[in-house]
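Chain letters run A, B, ... following the sequence lines, proteins first and then strands; every chain starts at 1.
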Amino acid sequence: MLTKRIIPCLDMTQGRVVKGTSFMDLRDAGDPVEMAAFYYKEGADELVFLDIGATPEGRETMVDIVERVSEQVFIPLTVGGGLRSTGDMRRMLEAGADKTAINTAAVFHPEIIADGAENFGSQCMVVAIDARLVSNGDAPRWEVLTHGGREGTGIDAVAWAKQAVELGAGELLVTSWDQDGRLSGYDLRLTRAISEQVTVPVIASGGAGTLDHLYQALLVGKADAVLAASIFHYRTHSIREAKEYLAEKGIPVRI
Amino acid sequence: MIAVIDHGAGNLRSVANAIVKLGYKPTVTSNPSDLLGAAAVILPGVGAAAGTVRNLERLGLSEAIRRVVADGTPMLAICVGMQVLFDETEEGGRHRCLGIIPGVVRRLPPGLKIPHIGWNQVNQKINHPLFDSIPDGANFYFVHSYCAAPDDISVAAGTTEYGVSICSVFVSGNLVGTQFHPEKSGEYGLRMYDNFLKTVLKGSRA
C-alpha cells in the first residue's frame with residue numbers, strides 16, 4: 001500500500017533556513033545542509049527547499065546547497081522559489097533536485113508547466129499554490145497569491161489547481177496563507193477541495209502545530225502528503241514521533 | 001568500469017552520488033564503446049519513455065545496450081530506463097521501445113492518484129542477491145504513471161500493489177530492472193545498489 005509522506009520544508013533565504021508567519025516575520029532555523037542530513041536520518045520521506053527570497057543570488061546559493069545535500073541525502077528533493085524558466089529548472093535538476101516547484105511564474109505564464117512537463121516529465125513538475133481564504137461559510141473560496149504571498153490575483157485556487165494539472169503538473173503543493181506558521185492546523189477544507197478535484201497527489205502545507213494536525217490533513221483533508229516546518233525545525237516533534245503517531249491511528253507510513 | 005549511461009535524463013547526478021557514496025567510481029558516459037567494455041552498466045531514467053528511446057537511438061546507445069545485454073554484461077535499469085527495454089509503451093500514444101524484454105508498458109489504471117508517487121512496499125517473489133539484507137516488504141520510492149507488463153511473469157522478482165500488481169523488480173539473467181528509484185529510496189535503496197555492484201564486481205571498487 002502506498003504510504004503517506006511526511007515532508008519537512010526548508011524555507012531558505014541567504015543560505016539559511018528560516019521560518020515565518022503568513023510568509024513574514026522570519027526567524028533563523030539553521031543550516032540547510034545539516035538540517036537535510038538530520039531529517040534524512042530521522043526518516044523524512046522527502047525534502048522541500050523553497051528559496052523564499054527568490055532572488056538570482058538566492059538561486060545560485062540554492063544550486064550549491066542542492067549539490068551538497070544530494071551527495072548525502074538519498075530521498076527525493078524538491079526545489080522551488082523564483083524559478084522562472086525551464087532553464088532555471090534544468091539547473092536545479094542537474095544539481096541533484098528530483099522535482100521543481102513553480103508558483104508565481106506558473107500563474108503568469110501557465111505554459112511553463114507544459115514546457116517543463118515536456119522537457120523533464122510531469123513527475124518533475126510540482127505546482128505550488130499559495131491560497132488565501134476570501135469567502136467563508138458553506139461554499140468557501142480561496143484566491144491564489146503570488147510573489148511569496150504578497151500579491152493577490154483574484155484567481156480561484158481550486159480552478160487554478162485543475163488547470164495546472166491539465167497543463168501537466170504531476171503534483172500540487174497547496175499552502176494556506178492564512179494558516180502558515182500559526183501552528184493551529186492546516187486549512188482542511190482547502191486541501192480537501194483541491195484533492196477531490198484533481199487526479200494527482202496533493203501535499204498539504206501551512207499550519208501544522210501538532211501531530212493531530214498531520215493526521216487531520218491526511219484523513220479529513222484527503223492529502224497524500226503533509227509538509228511541515230516549525231514543528232520539526234524547533235524539535236516540538238521528531239519525524240519518527242509523527243510517523244508512530246500516524247501509524248497508531250491507522251495511517252500507512254514508512255517507519 | 002561501472003558505466004552510468006548519460007542520455008539526457010535529469011537524475012544522473014543522484015544515481016552517480018549513490019554509487020560514489022558506496023565507495024565505487026562510476027563513469028558517466030554517452031559513448032557507446034564505453035558500455036561494451038564495462039563491468040556493469042546502469043541505465044537511469046526519468047521523464048517520458050518515447051523521448052528516452054529517441055535519445056538512446058540518436059546517441060547510438062540503443063544498439064550498444066542490446067549488445068551489452070546479449071553479451072551478459074550485468075545491467076541495472078531504473079524506472080523509465082527499465083520501461084524502454086520492453087517492446088512498446090502506451091505513453092503518449094503508442095511508441096516502439098528497444099524490444100529487449102517481451103512485453104508492453106501500460107498506463108496505471110484509473111481510480112488512484114496518478115502519478116503513483118511515494119514510498120510503497122516491494123514484495124520479494126524470489127530469492128536473489130539483489131535482496132540481500134533487505135526485508136521482504138521494504139518500502140522504496142516510486143514516481144511513475146506507466147508500468148511494465150512482461151509477457152513472462154516469472155521475471156517479476158518483486159511486485160508492488162497500486163490498483164494493479166506492478167512488476168517493481170525485474171530479473172532476467174544478468175539484466176535487472178526496478179520501477180522505483182533505488183537512489184532515492186534511503187538506506188535500502190543504497191543497499192540494493194551495493195548488492196548489485198558487489199555481485200558484479202566481487203569486491204573490486206573500480
Side-chain angles (χ1 to χ4, degrees), chain A residues 1-7 40-41 43-47 66-77 89-100 116-126 165 168-172 195 198-203 222-225 252-255, chain B residues 6 8-22 45-52 79-80 91-92 108 110-121 137-146 160-163 166 180-193:
Chain A
M1 184 188 280
L2 181 62
T3 58
K4 300 288 184 180
R5 290 167 283 156
I6 312 293
I7 309 176
Y40 172 58
K41 289 203 177 71
D45 293 315
E46 287 189 40
L47 295 174
V66 172
E67 284 180 355
R68 286 158 58 205
V69 169
S70 69
E71 284 168 8
Q72 46 180 319
V73 170
F74 298 96
I75 53 175
L77 308 174
M89 292 178 214
R90 184 179 295 280
R91 284 213 65 194
M92 294 304 170
L93 297 172
E94 285 176 351
D98 300 284
K99 315 181 203 180
T100 52
E118 194 183 319
N119 276 278
F120 315 117
S122 281
Q123 85 290 337
C124 280
M125 300 301 299
V126 180
V165 171
E171 204 167 13
L172 300 177
S195 190
V198 298
T199 52
V200 304
V202 169
I203 306 168
K222 296 197 169 182
D224 300 283
V253 288
R254 175 182 72 110
I255 293 186
Chain B
D6 178 3
N11 71 333
L12 264 185
R13 195 183 185 105
S14 303
V15 173
N17 282 340
I19 296 169
V20 168
K21 178 76 179 177
L22 294 167
V46 289
T52 303
C79 191
V80 173
E91 186 178 1
L108 291 169
L112 295 168
K113 293 282 179 89
I114 295 178
H116 172 214
I117 298 183
W119 299 75
N120 203 338
Q121 299 86 53
N139 285 289
F140 289 85
Y141 188 81
F142 289 79
V143 50
H144 63 122
S145 302
Y146 293 81
T160 296
E161 300 305 317
Y162 194 68
I166 295 166
F180 52 84
H181 288 274
E183 68 281 0
K184 288 291 157 182
S185 294
E187 298 303 311
Y188 289 138
L190 291 177
R191 199 165 295 163
M192 189 165 277
Y193 272 107

Is the count of non-hydrogen atoms from other residues, nucleotides or ligands lying under 6.0 Å from A/Glu118 atom CD greater than 12? no

What do you reckon, is CZ of A/Arg91 surrounded by more than 12 foreign heavy atoms closer than 6.0 Å? no

For B/Gln121 and A/Met1, run side-chain contact (heavy atoms from CB on, under 4.5 Å): C-alpha distance rounded to whole Å, both residues' side-chain angles, the deciding distance at 0.1 Å, then the answer. CA-CA 7 Å; B/Gln121 299 86 53; A/Met1 184 188 280; 4.1 Å; yes

Would you mind checking which part of [X] comes under 4.5 Å of any heavy atom in chain B, side chain (CB onward), backbone (N, CA, C, O), both or neither?
X: A/Asp45; value: both
X: A/Val202; value: both
X: A/Arg5; value: side chain
X: A/Ser122; value: neither
X: A/Asn119; value: neither
X: A/Ala95; value: backbone

Is it the case that the side chain of B/Lys113 and the backbone of A/Thr199 share a donor-acceptor pair, with hydrogens and angles ignored and the cut-off at 3.5 Å? no

Which heavy atom of B/Ser14 sits nearest to which heavy atom of A/Asp98, and what is that distance?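 The pair with the smallest heavy-atom distance is OG-OD1, 3.8 Å.
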
How far apart are the closest heavy atoms of A/Pro201 and B/Ile117, and which atoms are they? CG-CD1, 3.9 Å

A/Phe74 side chain near B/Asn17 side chain, heavy-atom distance below 4.5 Å: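 Yes. Closest side-chain heavy atoms under 4.5 Å.
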
Quick one: which of A/Glu171, A/Gln123, A/Lys99 gives a side-chain contact (heavy atoms from CB on, under 4.5 Å) with B/Val143?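 Only one option passes, and that is A/Gln123.
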
Please report the C-alpha distance between A/Leu77 and B/Lys184 in whole Å, then the side-chain angles of each, then the deciding distance to 0.1 Å, and finally whether the side-chain contact (heavy atoms from CB on, under 4.5 Å) criterion is met. CA-CA 9 Å; A/Leu77 308 174; B/Lys184 288 291 157 182; 4.1 Å; yes

